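Comments concern the structure below.
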2 protein chains.
Amino acid sequence: MKLDLRNAFPNFEIKLIENLEDKAEIKIFEPGEVLMKTGQYFKSILLIVDGLIKVYREDEEGQEYFIYYLQPGQACALSMMSASKQEKSEVLGKVVNKTTVIAIPLEYMDQWMHDYKSWYNFVLETYRKRFEELLITLDHTAFRNMDEKLILYLKREQLIHRTSILTINNTEVAQELNSSREVISRLMKKLAERGMIKQLKNQLIEIINLEY
Amino acid sequence: MKLDLRNAFPNFEIKLIENLEDKAEIKIFEPGEVLMKTGQYFKSILLIVDGLIKVYREDEEGQEYFIYYLQPGQACALSMMSASKQEKSEVLGKVVNKTTVIAIPLEYMDQWMHDYKSWYNFVLETYRKRFEELLITLDHTAFRNMDEKLILYLKREQLIHRTSILTINNTEVAQELNSSREVISRLMKKLAERGMIKQLKNQLIEIINLEY
DNA sequence: ATGAGATGGTGATTTAAATCACGGTCTTCA
DNA sequence: TGAAGACCGTGATTTAAATCACCATCTCAT
């Protein structure tokens, strides 16, 4: 099977792409599957070629708090950080859309950092991006009330799915925001009253305008 | 002035230490001073040789939410990540104890990654450590009630200062936990009732046992 | 078509936390 | 020494959110 790595990772050098095609194992995941589990050892670095991954932080009771998305051209930062030692995953990664990842044996991490400038830049950029996303998530969590968190959540969804019609399951949103279904239900109603969203049939909502 | 860099960074190669002594600018900060401001451009990578730094995330109203400490032998991860582009600081760093830092011009970052294995390891380890600390902070923020947050806060303080007698200012704790003085005051009283702490004179408390 | 299971809406109640209001106790320094 | 300023404690009230209770839909497989 031939992958279009150039498309997903346009900044990679030709040599690196060739090396990737040679060394990397291709894995396909279906929606709902788990890409990485909390506590699981990383055996390889994971690069997302296609699809969409949702990353969560879990607490002891199994509550799954949403932290960020991973998209094509991105990588699981934690799998990279574990390169040297045998480290466990600190997060849970669930497949949203059918996803193609390439898994690179950990030992190439350091070697390629040395050999390919584009890999070096990619790794540092990955760290920076994930760190910043985490800071933003922390902001939302620490400084915002639930109504604002919900609005920010909807904005993220709209942005990531590039559509103003979202399939939203209140129960799931509640879990991901560490709230409860009833609260989300009432807040959704308020957003609709404020004209920010329109509640359609089923589990569909239309985003009208999420700016206050 | 001669710095004991070997002591603060025991894993650095001799050559790297020599290079550091040559290239780095030494800066001394007094308690209360600001090491890095949110929005400020990084001109250099900051390594902590001695002292203690408290790092905060700020919201628009200037609320300062505590995220983690930086200690000798550690570095400001964000200053490293900004190495390539001109990036602004996302956090606020305040000096707790008189602190000595060495400031390294950004251009050496990439060069040394190439030249010194110990620098490479240090940078990756810094990223990993900060990322993990941020995840832990997020846990506390997302999953814990204020009483638990306070207990975790006190544990961190005890650990970092290596003493069971803490100088605690309720007003400040409230700000750092994004709560209010009154709430902290009442929770402290409860912790004292449960025998977990003892409230001494002034702003002193003694940690007895913070495990439930 | 119907009953099970998943989802959603909503009133009532409880709880955690924030806020208000006020008075007390230190420290300090002119 | 005594007034200002920085803390702290605590009752009362309000607010945001969680929880409880219950019923309404919707989906889907038999």
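These numbers come from the heavy atoms of this one structure, side chains and all, not from hydrogens, waters or symmetry mates. Keep in mind it's a predicted model, so treat the numbers as computed, not measured. Letters A, B, ... mirror the listed sequences (proteins, then strands); counts begin at 1.
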Within residues 176-184 of chain B, those residues having any heavy atom closer than 4.0 Å to DNA chain C are B:N178, B:S179, B:S180, B:E182, B:V183
Side-chain N or O of B:S185 closer than 4.0 Å to phosphate OP1/OP2 of D:dT10:
no
Nearest-Å distance, NZ (A:K201) to C1' (D:dT27)?
14 Å
Could you give the CG-to-P distance, from A:L204 to C:dT7, as a whole number of Å?
15 Å
Is there a donor in the side chain of B:E58 and an acceptor in the side chain of B:T38, or the other way round, less than 3.5 Å apart?
yes
Taking side chain as C-beta onward, heavy atoms only, is B:V49 less than 4.5 Å from B:V101?
no
What do you reckon, are the aromatic ring centroids of A:Y56 and A:Y65 less than 6.0 Å apart?
no
Between A:Y127 and A:E132, do the side chains contain a donor N or O and an acceptor N or O under 3.5 Å apart?
no
Phosphate contact (C:dG8 OP1 or OP2) by A:N169 side-chain N/O below 4.0 Å:
yes
Under-4.0 Å side-chain N/O to phosphate OP1/OP2 contact, A:K189 with C:dT10
yes
Detail all sub-3.5 Å separations between protein N/O atoms and N/O atoms belonging to nucleotides 12-16 of chain D.
{"unit_1": "D:dA12", "atom_1": "N6", "unit_2": "B:R186", "atom_2": "NH2", "d": "3.2"}

A:N170 side chain near C:dG9 phosphate (N/O to OP1/OP2, under 4.0 Å)
yes
So, B:Q158 versus B:Y153: side-chain donor-acceptor pair below 3.5 Å or not?
no
Protein-nucleotide distance (A:K190, atom NZ; C:dG8, atom P), rounded to Å:
19 Å
Can you find a side chain N or O atom of B:N202 that sits less than 4.0 Å from OP1 or OP2 on C:dT27?
yes
Under 4.5 Å between any side-chain heavy atoms of B:M146 and B:N178, yes or no?
no
A:Q203 has its side chain closest, among D:dC8, C:dT7, C:dC26, to C:dT7
Nearest-Å distance for atom pair CG/C1', residues A:L200 and C:dG8:
15 Å
Between A:K54 and A:E157, is the closest basic N to carboxylate O distance under 4.0 Å?
yes
Starting at the 5' end of DNA chain D, which residue's closest nucleotide do you reach first, B:Q199 or A:R144?
B:Q199
Report the residue (B:E172 or A:D147) whose heavy-atom-nearest nucleotide on DNA chain D is the more 5′ of the two.
B:E172
Looking at A:R128 and B:E87, is any side-chain nitrogen of the basic one under 4.0 Å from a carboxylate oxygen of the acidic one?
yes
In whole angstrom, give the distance that lies between atom CG of A:L187 and atom C1' of D:dA18.
12 Å
Consider only side-chain N and O atoms of B:R181 and B:Q175, and report whether a donor and an acceptor are under 3.5 Å apart.
no
